[in-house]
**Q** 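First the structure, then my questions, so here it is.
What you see is a predicted model; the values in this text were computed from it and never measured. We're numbering straight along the sequence, starting at 1.
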Amino acid sequence: MTYSYRIVALGDSLTQGVGDPKNHGYVGMTADALKKQKNVKQVSFEDLGHLGDTSADLLNVLKKPQARETIRHSNTIFLTIGGNDIVHVLKNHFMDLSTSDFNAEQKVFSAHLETVFSEIRKLNPDAPIYYFGLYNPFEDYLGTANKDFVPILNSWNANSKKIASRYRNTTFIPTFDIFKGRGSTLLYADHFHPNEKGYSQLSSRLMTAIRKNQ
């Protein structure tokens, strides 16, 4: 059996590929990997990822006619969102991190994520959605506060995974373990975005998920 992939990639700077010197990111790397498969006839992709986008920004993207059209005609969907939502809490409360601030933001994010999935499914009921969880780029910066931040991040990921599981043909791809303790080798100079090696790890995990669906 041969496959053709019409990919739409949605979300933030991770989908855009910020931090990869070739600007390929996991989207371009995955498209290249798919093209090399013997059973794949054709691969095209539209990358709608945008640096700095939060879940609220993504909801606005999903209202744009061109984005809606692209989603309708795709047969594979990649998604990264949530990193900037959590970073906003960190920035606003850096000197006084409290779980309640994150919980409040998580409620907002959860509602947005629910809407993101339901909007995508209205436009395209069948295409597999591959949704990346969050990793922790702040290990080396938070110092002792890291032990308080990790359970918060784990809670966001568990909650996002639960939301994703309510939508058919939607795969949650964990990333936390990939970067844990490996920031110095897998993160770009800004210590936030993955570098080429980091994106390659994300792409490899995504390819594993895609192969399961073939």
Side-chain angles (χ1 to χ4, degrees), residues 1-51 53 58 61-62 66-83 116-117 119-135 157 160-161 163-180 182 185-188 193-214:
M1 188 166 174
T2 58
Y3 296 89
S4 288
Y5 287 92
R6 294 185 308 281
I7 299 162
V8 60
L10 301 163
D12 48 30
S13 52
L14 293 187
T15 289
Q16 194 181 333
V18 172
D20 175 9
K22 298 192 181 85
N23 269 335
H24 243 170
Y26 80 85
V27 179
M29 288 175 182
T30 305
D32 287 346
L34 284 168
K35 283 172 190 166
K36 287 180 184 137
Q37 286 199 317
K38 286 191 175 71
N39 60 345
V40 173
K41 193 173 65 172
Q42 204 180 3
V43 180
S44 63
F45 71 89
E46 187 85 32
D47 193 333
L48 302 179
H50 186 258
L51 175 68
D53 273 11
L58 179 55
V61 170
L62 293 178
Q66 196 181 346
R68 293 172 76 80
E69 200 57 24
T70 306
I71 292 165
R72 257 189 214 107
H73 289 106
S74 69
N75 65 7
T76 307
I77 297 162
F78 301 161
L79 174 63
T80 62
I81 204 70
V116 165
F117 283 129
E119 281 301 308
I120 290 172
R121 279 291 170 245
K122 277 180 208 159
L123 295 165
N124 191 323
D126 300 316
I129 300 171
Y130 299 95
Y131 169 52
F132 285 93
L134 304 176
Y135 59 90
N157 278 328
S160 300
K161 185 179 182 178
I163 293 169
S165 72
R166 294 204 279 266
Y167 293 85
R168 60 180 278 280
N169 213 353
T170 298
T171 304
F172 177 86
I173 299 177
T175 64
F176 184 85
D177 60 306
I178 293 175
F179 292 90
K180 189 177 182 221
R182 300 177 70 198
T185 52
L186 296 181
L187 293 179
Y188 178 58
H193 295 97
N195 58 19
E196 195 173 351
K197 257 191 198 156
Y199 278 118
S200 163
Q201 296 268 336
L202 294 179
S203 171
S204 149
R205 192 159 277 188
L206 175 56
M207 279 299 294
T208 303
I210 291 171
R211 282 194 198 100
K212 278 184 189 158
N213 255 337
Q214 281 181 344

**Q** Taking the side chain from Thr208 and the backbone from Ser204, do they hold a donor-acceptor pair closer than 3.5 Å?
**A** yes

**Q** Where do Leu202 and Pro194 come nearest, in terms of heavy atoms and distance?
**A** CD1-CG, 4.2 Å

**Q** With sequence neighbours left out, write down each residue that passes salt bridge (Lys or Arg N to Asp or Glu O under 4.0 Å) with Asp32, or none if nothing qualifies.
**A** none

**Q** So, using salt bridge (Lys or Arg N to Asp or Glu O under 4.0 Å) as the criterion, who are the partners of Glu46 when residues are at least two apart?
**A** none

**Q** Could you list the donor-acceptor pairs under 3.5 angstrom formed between side-chain atoms of residues 127-135 and any protein atom two or more places apart in sequence or on another chain?
**A**
{"unit_1": "Tyr130", "atom_1": "OH", "unit_2": "Asn213", "atom_2": "ND2", "d": "2.8"}
{"unit_1": "Tyr131", "atom_1": "OH", "unit_2": "Ile81", "atom_2": "O", "d": "3.4"}
{"unit_1": "Tyr135", "atom_1": "OH", "unit_2": "Phe192", "atom_2": "O", "d": "2.6"}

**Q** On a heavy-atom basis, which atom in Arg72 and which in Leu123 lie closest, and how many Å separate them?
**A** CG-O, 3.4 Å

**Q** Decide yes or no on side-chain hydrogen bond (donor to acceptor under 3.5 Å, both in side chains) for His50 and Ser13, but give the supporting numbers first.
**A** CA-CA 5 Å; His50 186 258; Ser13 52; over 6 Å; no

**Q** Does any N or O in the side chain of Tyr199 come within less than 3.5 Å of the main-chain N or O of Val18, such that one atom is a donor and the other an acceptor?
**A** yes

**Q** Say you draw a straight line from CD1 of Ile120 to CG of Leu79; how long is it, rounded to the nearest 0.5 Å?
**A** 5.5 Å

**Q** The criterion is side chain to side chain contact (heavy atoms under 4.5 Å, CB included); which residues satisfy it with Ala31, sequence neighbours excluded?
**A** Val43, Phe45

**Q** Apply side-chain hydrogen bond (donor to acceptor under 3.5 Å, both in side chains) to Thr175 and list each qualifying residue two or more places apart in sequence or on a separate chain.
**A** none

**Q** Of all the heavy-atom pairs spanning Asp12 and Gly83, show the shortest one and how long it is.
**A** OD2-N, 4.2 Å

**Q** Can you name the side-chain hydrogen bond (donor to acceptor under 3.5 Å, both in side chains) partners of Thr30, sequence neighbours left out?
**A** Ser203

**Q** Please list, chain by chain and in numerical order, all residues satisfying salt bridge (Lys or Arg N to Asp or Glu O under 4.0 Å) with Arg121, sequence neighbours excluded.
**A** none

**Q** More than 12 heavy atoms of other residues, nucleotides or ligands under 6.0 Å from CZ of Phe117: is that the case?
**A** yes

**Q** Determine whether a donor-acceptor pair (N or O, by modelled atom type, separation under 3.5 Å) exists between the side chain of Asn124 and the backbone of Ser74.
**A** yes

**Q** Say you draw a straight line from OG1 of Thr80 to CG of Leu58; how long is it, rounded to the nearest 0.5 Å?
**A** 9.0 Å

**Q** Name all residues meeting the salt bridge (Lys or Arg N to Asp or Glu O under 4.0 Å) criterion together with Lys197; count only those two or more places apart in sequence or in a different chain, and write none if there are none.
**A** none

**Q** Looking at residues at least two apart in the chain, or sitting in another chain, which of them share a ring-ring contact (aromatic ring centres under 6.0 Å, His included) with Tyr3?
**A** none

**Q** Give a yes or no answer on whether the side chain of Asn169 reaches the backbone of Asp126 with a donor-acceptor pair at less than 3.5 Å.
**A** yes

**Q** How close do Gly19 and Tyr188 get, counting heavy atoms only, and between which atoms?
**A** O-CD1, 3.2 Å

**Q** Taking only residues two or more places apart in sequence, or in another chain, which ones meet Arg6 in a side-chain hydrogen bond (donor to acceptor under 3.5 Å, both in side chains)?
**A** none

**Q** Any sub-3.5 Å donor-acceptor pair from His73's side-chain atoms to Glu69's backbone N or O?
**A** yes

**Q** Closest approach of Val27 and Ala9, non-hydrogen atoms and distance?
**A** CG2-CB, 3.7 Å

**Q** Are more than 12 heavy atoms from other residues, nucleotides or ligands located less than 6.0 Å from atom CD of Gln214?
**A** yes

**Q** Identify the two heavy atoms, one from Asp47 and one from Thr15, that lie closest to each other, and give their separation to 0.1 Å.
**A** OD2-O, 2.7 Å

**Q** With sequence neighbours left out, which residue pairs that include part of residues 203-214 fulfil the salt bridge (Lys or Arg N to Asp or Glu O under 4.0 Å) condition?
**A** Asp177-Arg205

**Q** Could you work out, with side chain to side chain contact (heavy atoms under 4.5 Å, CB included) as the rule, every residue matching Gln42, not counting sequence neighbours?
**A** Ser4

